[in-house]
Amino acid sequence: MLKKLLLLKDQVEIDLNSANTINEVNEKKALYLGKKSPLQEIMATMKDLSIEERKEVGKAANEFRSFVEEKVQKRLNEINELQIQKKLESQAIDVTLPGRKFRTGSLHPLTKLTREIEDIFIGMGYTVEEGPEIEKDLYNFEMLNLPKGHPAREMQDSFYIDNNNLLRTHTSPVQVRTLLKRKGEPVKIICPGKVYRRDNDDATHSHQFMQIEGLVVDKNITMADLKGTLSLLCQKMFGEETNIRFRPSFFPFTEPSVEVDVSCFKCGSKGCSLCKGSGWIEVLGAGMVHPNVLRMAGYDPKVYQGFAFGLGIERFSMLMNSIDDIRHFYTNDPRFLRQF
Ligand code: DAH
């Protein structure tokens, strides 16, 4: 009988190792320790044995039971570990795979160009000023030498909010605001910003667009300073070879006033479709600050002179990038925006 148990031990190990699930292990356990197991058979015969034999058989039976239980537990642990291993493998992440792309936004082309132009002027010692988009008639027109009823007001058809306030039609009112703030001190500023006019939108007109205003007021400022400054700006924008020329013009807030042209960067001034055969392209308006503007803001025009200019940011960008329709800047089609 005892021999039988010893032989069974080998079989227990083989059987349990072939069990691959918890259920199978439990079935095997029942086979060796359950009601119909050889162990129970042996226990049933105990009552017919002598005390000596009973002791010996009892001890062997207990040992066998412990042995089986130990092997069962070992197999269960193994199965558990295998299952964890399998799960880990099936859920493994391959960190060497390329990541999923997600699209980042970018600055609007007008913001980008504004910052570029700001950098050029900051490099020349200018500071950047800002003014409100809802402006007083007083600053937008009156103190720029455009009294009520002045015919030049008609050139800038406006969105009025009430009799005294409107959406600014240009960035020039920031000239007035800055002069009033500096109270007779020298001024050297630019002001980028949005402006509004009651134009019908088409390829070259937009009811909303952007400008950069420039103003320098100090002693002994001449048109040569204006020309040098704008030459440098245009060379940085349109290329080192660029020349500029001044044509007489009229703005109520400057005297004399000029229209500034750049030599055509597309054809090298030979004449092409862009410059309409002239070799020159109009890019901005400028002039020497009108004595009335200085006087109204509290500056003595006998002591102080100044120059001013105003450029359209969309116009610059359209020229630099061959953009044929100003509305592209405001419809925000990603196919357009992605090109910048
Ligand atoms: N404010 C003018 C406009 O919007 C542009 C301009 C012209 C500004 C001459 C200036 C200047 O400062 O001197 O049409």
Side-chain angles (χ1 to χ4, degrees), residues 110 114 117 121 126 128-133 135-147 150-159 166-180 187-199 204-218 221-231 233-234 244-262 282-294 296-297 299 301 304-316 326:
L110 295 178
T114 303
I117 296 175
F121 281 100
Y126 285 66
V128 179
E129 287 287 330
E130 280 184 356
E133 287 172 27
E135 187 53 280
K136 293 183 166 90
D137 182 282
L138 181 69
Y139 295 164
N140 193 86
F141 291 130
E142 213 129 325
M143 287 182 76
L144 287 168
N145 206 25
L146 274 146
H150 193 292
R153 282 195 181 205
E154 311 233 324
M155 281 169 22
Q156 300 186 358
D157 217 349
S158 321
F159 291 108
L166 71 162
L167 296 181
R168 65 178 175 193
T169 57
H170 50 181
T171 43
S172 304
V174 183
Q175 291 190 27
V176 178
R177 287 180 172 273
T178 309
L179 291 172
L180 290 175
V187 166
K188 197 172 174 186
I189 57 123
I190 55 163
C191 165
K194 245 181 258 169
V195 302
Y196 303 84
R197 287 187 200 173
R198 246 175 36 184
D199 277 326
T204 54
H205 294 87
S206 171
H207 63 280
Q208 170 197 312
F209 59 102
M210 293 193 72
Q211 291 187 328
I212 292 184
E213 191 78 15
L215 174 68
V216 173
V217 172
D218 208 335
I221 298 293
T222 69
M223 263 189 126
D225 298 311
L226 173 61
K227 193 158 190 187
T229 304
L230 294 180
S231 285
L233 170 71
C234 291
I244 66 168
R245 75 173 184 187
F246 284 172
R247 267 183 301 116
S249 184
F250 172 77
F251 299 103
F253 32 89
T254 44
E255 182 59 37
S257 302
V258 294
E259 213 67 67
V260 182
D261 296 342
V262 294
E282 183 185 320
V283 287
L284 61 107
M288 300 306 289
V289 180
H290 197 292
N292 285 352
V293 174
L294 289 172
M296 279 187 270
Y299 284 72
Y304 281 102
Q305 303 77 44
F307 68 73
F309 58 88
L311 64 89
I313 302 177
E314 284 85 349
R315 176 154 176 80
F316 263 59
I326 194 171

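Ligands are counted one by one from 1 in listed order, and the atoms in each one are counted from 1 as well. This is a predicted model, so every value here is computed, not measured.
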Going by the rule side-chain hydrogen bond (donor to acceptor under 3.5 Å, both in side chains), which residues pair with Thr169 if we only count those two or more places apart in sequence or in a different chain?
Asn140, Gln156
Between Phe121 and Phe309, does the ring-ring contact (aromatic ring centres under 6.0 Å, His included) criterion hold? Intermediate values first, please.
CA-CA 13 Å; Phe121 281 100; Phe309 58 88; 5.4 Å; yes
Look at atom CD of Glu130 and say whether more than 12 heavy atoms of other residues, nucleotides or ligands are closer to it than 6.0 Å.
no
For Asp157, give me all partners under side-chain hydrogen bond (donor to acceptor under 3.5 Å, both in side chains), at least two apart in sequence or on another chain.
Arg198
Got a sec, which residues hit salt bridge (charged side-chain N to carboxylate O under 4.0 Å, His left out) with Arg247, two or more places apart in sequence or on another chain?
Asp261, Glu282
Under a 4.0 Å heavy-atom cut-off, what residues line ligand 1?
Gln156, His170, Ser172, Gln175, Arg197, Gln211, Glu213, Phe251, Phe253, Thr254, Gly285, Ala286, Gly287, Ala308, Phe309, Gly310
Test side chain to side chain contact (heavy atoms under 4.5 Å, CB included) on His170 and Arg197; report intermediate values, then the result.
CA-CA 9 Å; His170 50 181; Arg197 287 187 200 173; 4.0 Å; yes
